Amino acid sequence: DIQMTQSPASLSASLEEIVTITCQASQDIGNWLSWYQQKPGKSPQLLIYGATSLADGVPSRFSGSRSGTQYSLKISRLQVEDIGIYYCLQAYSAPWTFGGGTKLELK
Amino acid sequence: EVQLVESGGGLVQPGRSLKLSCLASGFTFSNYGMNWIRQAPGKGLEWVASISSSSSYIYYADTVKGRFTISRDNAKNTLYLQMTSLRSEDTALYYCARHRGYSSLDWGQGVMVTVSS
């Protein structure tokens with residue numbers, strides 16, 4: 001099974017700050033990686049798919065990148081509405097696996 | 001607009017069965033692979049099962065293999081999850097999700113399953 005190691009588990013940042021969350025895959029998953037934001041009591045919402053493609057309606061301050069088997073989600077200028085829990089997902093091969101999540105809070 | 005509406009959840013005793021449904025609308029259901037994903041209270045996301053568009057390929061997480069069965073009825077635009085031999089650790093919010101490719105998912109609002117005596 002492919003393991004997705006997500007870091008950090010929690011993150012406290014200030015408004016307008018640059019935030020980076022990382023997922024390390026245990027083996028090659030190509031670009032079959034997506035990022036989701038979940039707010040309390042809500043379903044996860046797609047931010048990035050195909051490792052680097054921005055989902056429809058997602059602000060351009062969100063971006064995804066890949067370096068080998070390491071994937072990153074970057075928020076260029078943190079806004080209040082970005083607070084929540086972020087998850088990566090690999091859908092390259094079954095069983096699909098999520099990262100453990102990153103809880104993003106305001107400092 | 002894509003809509004995925006789950007139903008069938010509730011409180012069930014350990015060892016009993018429950019069947020979840022997910023009614024899809026706003027897209028051609030028969031063209032997409034579908035998934036069930038769950039989230040235990042206060043925990044992260046766990047993929048449960050996947051089914052391809054024509055039901056040719058089906059996969060399960062090891063934690064549910066042999067107990068859960070994913071299926072679909074393309075004529076009714078509905079995805080199912082038959083859950084048997086339920087355990088307390090199956091207590092979770094169960095999401096139905098459409099896979100658009102490259103790990104891109106659209107999610108339903110979820111349905112709660114509580115396994116308790």
Side-chain angles (χ1 to χ4, degrees), chain A residues 1-10 21 23 25 28-58 62 64 66 71 73 84-104, chain B residues 1-7 9 22 24 26-27 32-53 55-68 70 92-112:
Chain A
D1 297 358
I2 298 172
Q3 310 302 317
M4 300 301 297
T5 303
Q6 186 172 342
S7 61
S10 63
I21 299 168
C23 271
D28 179 39
I29 59 169
N31 287 331
W32 288 77
L33 187 284
S34 54
W35 292 95
Y36 298 86
Q37 177 196 62
Q38 188 176 34
K39 296 186 178 184
K42 299 292 187 182
S43 305
Q45 295 297 308
L46 178 68
L47 299 172
I48 301 288
Y49 66 96
T52 60
S53 297
L54 192 66
D56 291 343
V58 175
F62 290 90
R66 171 193 174 189
Y71 300 80
L73 173 70
I85 301 177
Y86 291 79
Y87 296 94
C88 65
L89 166 68
Q90 73 80 18
Y92 177 76
S93 68
W96 291 5
T97 42
F98 289 90
T102 296
K103 186 174 185 179
L104 178 57
Chain B
E1 178 195 2
V2 171
Q3 286 202 334
L4 300 166
V5 180
E6 302 93 336
S7 61
C22 170
F27 64 99
Y32 292 89
M34 298 293 296
N35 300 268
W36 288 99
I37 294 164
R38 68 185 181 183
Q39 187 169 35
K43 302 297 184 181
L45 299 166
E46 179 189 17
W47 170 82
V48 173
S50 291
I51 186 168
S52 62
S53 57
S55 303
S56 298
Y57 300 97
I58 290 175
Y59 304 97
Y60 297 98
D62 285 345
T63 51
V64 306
K65 198 174 295 182
R67 300 188 299 121
F68 290 11
I70 189 172
L93 187 62
Y94 284 74
Y95 294 102
C96 162
R98 174 181 77 149
H99 187 208
R100 289 191 277 140
Y102 280 104
S103 195
S104 168
L105 297 178
D106 297 311
W107 302 67
Q109 86 287 352
V111 62
M112 189 68 201

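All figures in this text were calculated on a predicted structure; none of them were measured in a lab. Protein chains get the first letters and strands the later ones, always in sequence-line order, with residue 1 at the start of each.
Separation of atoms OH (A:Y87) and CD1 (B:I37) is listed at 12.0 Å; rounding is to 0.5 Å. To the nearest 0.5 Å, atom OG of residue B:S104 and atom CG of residue A:L47 are 11.0 Å apart. For the atom pair B:S103 OG and A:W32 CH2, the distance stands at 8.0 Å (nearest 0.5 Å). Rounding to the nearest 0.5 angstrom, the gap separating the CD atom in A:Q45 from the CG atom in B:L105 is 11.5 Å.
The closest side-chain heavy-atom distance from B:L45 to A:L89 is not below 4.5 Å.
Heavy-atom pairs under 4.5 Å with chain B were tallied for A:I85, A:L46, A:T97; the largest tally goes to A:L46. When the candidates A:G50, A:S34, A:G100 are compared by the number of heavy-atom contacts under 4.5 Å with chain B, A:S34 comes out ahead. Comparing B:H99, B:Q109, B:K43 by heavy-atom pairs within less than 4.5 Å of chain A, the highest count is held by B:H99. The most heavy-atom pairs under 4.5 Å with chain B, out of A:A51, A:S43, A:S53, A:P44, come from A:P44.
Contact annotation for B:D62: only side-chain heavy atoms (C-beta onward) come within less than 4.5 Å of a heavy atom of chain A. At a 4.5 Å heavy-atom cutoff, A:Y92 makes no contact with chain B through either its backbone or its side chain. Residue B:L93: no heavy atom, backbone or side chain, is found under 4.5 Å from chain A. With a 4.5 angstrom heavy-atom cutoff, B:E46 touches chain A only via backbone atoms. Interface remark: B:S50 contributes side-chain atoms only to the contact with chain A (heavy atom separation under 4.5 Å). Proximity to chain B (any heavy atom under 4.5 Å) is restricted, for A:Q38, to the side chain, taken from C-beta onward.
Counting heavy atoms of neighbouring residues, nucleotides and ligands inside a 6.0 Å radius, atom OH of B:Y102 does not exceed 12 of them.
In plain terms, the two heavy atoms of B:W47 and A:A94 that are nearest each other are CH2-CB, 4.2 Å. Among all heavy-atom pairs drawn from B:Y95 and A:K42, the shortest one is OH-O, 3.6 Å.
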B:Q39 vs A:F98, test: side-chain contact (heavy atoms from CB on, under 4.5 Å). Steps then yes/no. CA-CA 11 Å; B:Q39 187 169 35; A:F98 289 90; over 6 Å; no

